[in-house]
Amino acid sequence: MEPELSHPDTTADSAEDSARERELVDRAIAGDGAAISNVVRQLQDPLYRLALRMVWRPAEAEDATQEILLRVVGNLATWRGEAKLLTWAYRIGVNYLLNLKRQTPQEAAQLSLDAYRDGLADGLVADDYRGPEAELLTHEVRLNCSQAMLQCLARDERVAFVLGDVFELGSADAAWILGITASAFRKRLERAKKRIGTFLNSTCGVADPEAFCRCSRRVDKALALGRVDPKRPIFARHAVSAGGRSVSEAEQQMIRLHDAAAVIRVHPDYAAPQAKMDAIAGLLNSGRFPLLD
């Protein structure tokens, strides 16, 4: 007999919050433009952060977020309140991202964490970067590096790590999102954590002071390879959600925690690009999108 899949734990949800979500979704299903826009606003940033961790680059994450949001809103009538609205939206997003045909460069090259480690050792200089915008560029190298190392995991392990260790979802919620048992999720997460932890502890000076790599000593190489654009750092100056953690705040949290998982969670609370999200809301409200019954 197949083991029963876990269900999200909604016991801690207040009845008021659940009723509020139900009322909002009902209004959106009825075609209320303000409710549709509200659903998009509530979900856009978390879904964008999910997409960004899976596809690496903001431009690709923007495209993925748009597609996910269209699927979410187009399927709102199927939401039965079996999970929080965001948890349900994550399930749609994960399914989309796991099945993307487009590959990241690391996926296309089948780059392993060992090979990535060797690449970091090549070009590491003896001294910290002291050029213009040294602090900003060191942040950019660190953020870019943690994104790149995630791409060295297989997609199923990557998404398990993101849900469990980056977003810190419980195993019941994460397993429901993935459509697997809680036990299977925990095993998958443990494999991913072991691989990432071994890599970071042997490589990253932030995770282990005895390790060889230092972000500030990789700046010159990253600039030479074009992996970091000093005029347009894509992560260190990325917009963050209202009230979300900034780059500096995320880094201070990492320093306090000082463990392998914290290095991956160092990214700030990125906000989805508002212009594209406004365009999505406009499309959904235009009457041209076959929305909901």
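No hydrogens, no waters, no symmetry mates; every other heavy atom, side chains included, goes into these values.
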In one Ile/Leu/Val/Met/Phe/Trp/Tyr side-chain cluster, 4.5 Å: L225, L120 = no
[X] atom [atom1]: more than 12 heavy-atom contacts under 6.0 Å:
X	atom1	answer
R22	CZ	yes
Q103	CD	yes
D127	CG	no
E168	CD	yes

Report the residues that fulfil salt bridge (charged side-chain N to carboxylate O under 4.0 Å, His left out) with R20, sequence neighbours left out, ordered by chain and then residue number.
-> E16, D17
Pairs flagged by salt bridge (Lys or Arg N to Asp or Glu O under 4.0 Å) wherever residues 148-160 is involved - sequence neighbours left out | E107-R155, E107-R158, E157-R191, E157-R195
Please list all pairs passing the salt bridge (Lys or Arg N to Asp or Glu O under 4.0 Å) test where one or both residues lie in residues 111-124, with sequence neighbours left out.
-> none
Can you name the side-chain contact (heavy atoms from CB on, under 4.5 Å) partners of [X], sequence neighbours left out?
X	result
S241	D45, R49, A271
N38	L24, R41, Q42
D128	R130, S216, R217
A89	L43, L47, V72

With side chain to side chain contact (heavy atoms under 4.5 Å, CB included) as the test, would you mind laying out the steps for K221 and L124 before giving the verdict?
-> CA-CA 7 Å; K221 187 69 172 182; L124 193 69; over 6 Å; no
Any donor-acceptor pair under 3.5 Å from [X] side chain to [Y] backbone:
X	Y	answer
E82	R80	yes
Q151	Q106	no
R91	L178	no
E140	I234	yes
N75	T78	no
W79	A83	yes
D173	L169	no
R214	A211	yes

Supply the members, apart from L223, of the Ile/Leu/Val/Met/Phe/Trp/Tyr cluster built from side-chain contacts under 4.5 Å; use none for a lone residue.
-> Y129, L137, V141, V219, V228
Please examine the side chains of [Y] and [X], heavy atoms only from C-beta on, and report whether any two atoms are closer than 4.5 Å.
X	Y	result
R245	V240	no
D63	R102	yes
P230	L136	no
L52	Q147	yes
T104	R57	no
C145	R142	no
P233	L143	no
Q66	L70	yes

Mind jotting down which residue pairs meet the ring-ring contact (aromatic ring centres under 6.0 Å, His included) criterion with at least one end in residues 198-236? Sequence neighbours excluded, please.
-> Y116-F199, F235-H267
Indicate the atoms forming the closest heavy-atom contact of G164 with L189, along with that distance.
-> CA-CD2, 4.2 Å
Which residues satisfy the side-chain hydrogen bond (donor to acceptor under 3.5 Å, both in side chains) test with [X], sequence neighbours excluded?
X	result
D220	none
Y90	none
E133	R237

Salt-bridge present (E67, R71; N to O < 4.0 Å) | yes
Mind running side chain to side chain contact (heavy atoms under 4.5 Å, CB included) on M54 and L98 for me, showing each step along the way?
-> CA-CA 9 Å; M54 292 298 293; L98 287 176; 4.3 Å; yes
Distance in Å, L153 CG paired with I196 CD1, rounded so as to fall on 0.5 Å steps = 4.0 Å
Run the side chain to side chain contact (heavy atoms under 4.5 Å, CB included) check on L97 and I68 step by step: do they pass?
-> CA-CA 9 Å; L97 292 163; I68 294 166; 4.1 Å; yes
